[in-house]
Amino acid sequence: MKLFARYSAFIYLKYFFIIFISLVGFYVVIDTLTNLKNLPTSANLQLIYVSLTALISINYVLPISLVLALIVTMINLTRSNELVSFYALGISKNRLIMPIFIISFIISIGYIGLCYTPFAYSKERQESLEDFQSFERSTKWIFLRFENKFIYIDELFGDKQNATNIRIFDMNGSQILSQITAKEASYKDGTWRLKDNTITTLPQDIKLGGSGLKSSNQDEIIIANSFRPRIIENIKNKDNLYSIKDAIDSINTLKNENINIAKIKSVLYSMIFFPLFAPFMVLILYYYMPVTGRFASLAIASFGAIFISLCIWGVLFLLIRFSINGAIMAELGIILPVVILMLFAGYKFYQHR
């Protein structure tokens, strides 16, 4: 890597970490003060709560921190006349911005990778500490339809991958064929294992003097399907919390079940495409920053760049909420704005080749 590239990358990373840590700290302080009455009584749980709050803040402050770091970097390089010196040495605009763009792009990709992990459920963990003073979380009274069966679950423990008091009604149209009642069930390696089962079969031809109900007991029943506990929890809960993996699995599992998956797609697109707004915005703003402070006010330039960045950031958040609520299509509200930013950034890069 060239010396100028190492220098610009170092300056950008320095300001990025300063801004990022400051915004995370500000978010944590405000959230903690707001929810002071709901904090766990244990000191250990309080520390975990603060850590989870910091993780949640990353979703909001990481993209804008990447953009603000670019603005501060360019203003400082301009004020010290280093920027115009780079250009005087024959370094093109595209060559100078490439290290910064690559760093912001890699950080954004890293954040997308985090959304593939349990990091995506940090808010759920935090709410568990507020409501139950522990990580133990369960979902009760679930009733749903899957593969022509109606399923009732009295209580589901998503983290432990098990459930209690399950009833499965096998249907033929509006007619009940049989019922399986299980005291408990566990999920592992793509299969549900139902234990202590009672199977009740209803007669197909109900008439006076005909055969009645048939009941039998079975220690274990194995049902192979991809309907994981996390997918069931997400259907029941209204928090719109998914990891990328769970969102993809939910879409593949539910797309043939006459269930509206538009909300899940919106959450998935927001995790994959929204973080990419930052590197493209970095590229766009760079080409509009002043080269020297002699012919432009750096204060006005920095204010304008920050104002425009915050406006675009806020509009993208608003479009994401509209998409999740079903007001607009996810492709129009989430993917299209990022694609427009990408095309415009590519145009500016081509223009200065």
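Side chains are part of it too, since the values below use all heavy atoms of this structure and drop only hydrogens, waters and symmetry mates.
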Please determine whether residues [X] and [Y] belong to a single hydrophobic cluster, defined as Ile, Leu, Val, Met, Phe, Trp and Tyr linked transitively by side-chain heavy-atom distances below 4.5 Å.
{"X": "Y60", "Y": "I64", "value": "yes"}
{"X": "V24", "Y": "L310", "value": "yes"}
{"X": "F322", "Y": "M329", "value": "no"}
{"X": "I248", "Y": "L254", "value": "yes"}

For this session: Evaluate side chain to side chain donor-acceptor pair (under 3.5 Å) for Q351 paired with Y287, printing each intermediate quantity in order.
Result: CA-CA 10 Å; Q351 196 178 38; Y287 292 110; over 6 Å; no
Would you confirm whether [X], through its side chain, and [Y], through its main-chain N or O, come within 3.5 Å as a donor-acceptor pair?
{"X": "N35", "Y": "D31", "answer": "yes"}
{"X": "D246", "Y": "Y242", "answer": "no"}
{"X": "Y121", "Y": "S243", "answer": "yes"}
{"X": "Y12", "Y": "L66", "answer": "yes"}
{"X": "N197", "Y": "Q218", "answer": "yes"}
{"X": "S104", "Y": "F101", "answer": "yes"}

Exercise. How about F280 and F344: are their ring centres within less than 6.0 Å of each other?
Worked result: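 Not close enough - the centres of the two rings lie 6.0 Å or further apart.
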Exercise. When you look at CG of L89, are more than 12 heavy atoms from neighbouring residues, nucleotides or ligands closer to it than 6.0 Å?
Worked result: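 Correct, the count exceeds 12.
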Problem set entry | Name of the residue among V339, V338, L332 meeting side chain to side chain contact (heavy atoms under 4.5 Å, CB included) with I335 |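 Considering V339, V338, L332, a side chain to side chain contact (heavy atoms under 4.5 Å, CB included) with I335 is found only for V339.
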For this session: Hey, can you tell me if F16 and F20 have their rings parallel, tilted or perpendicular (30° and 60° cut-offs)?
Result: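 Correct class here is parallel.
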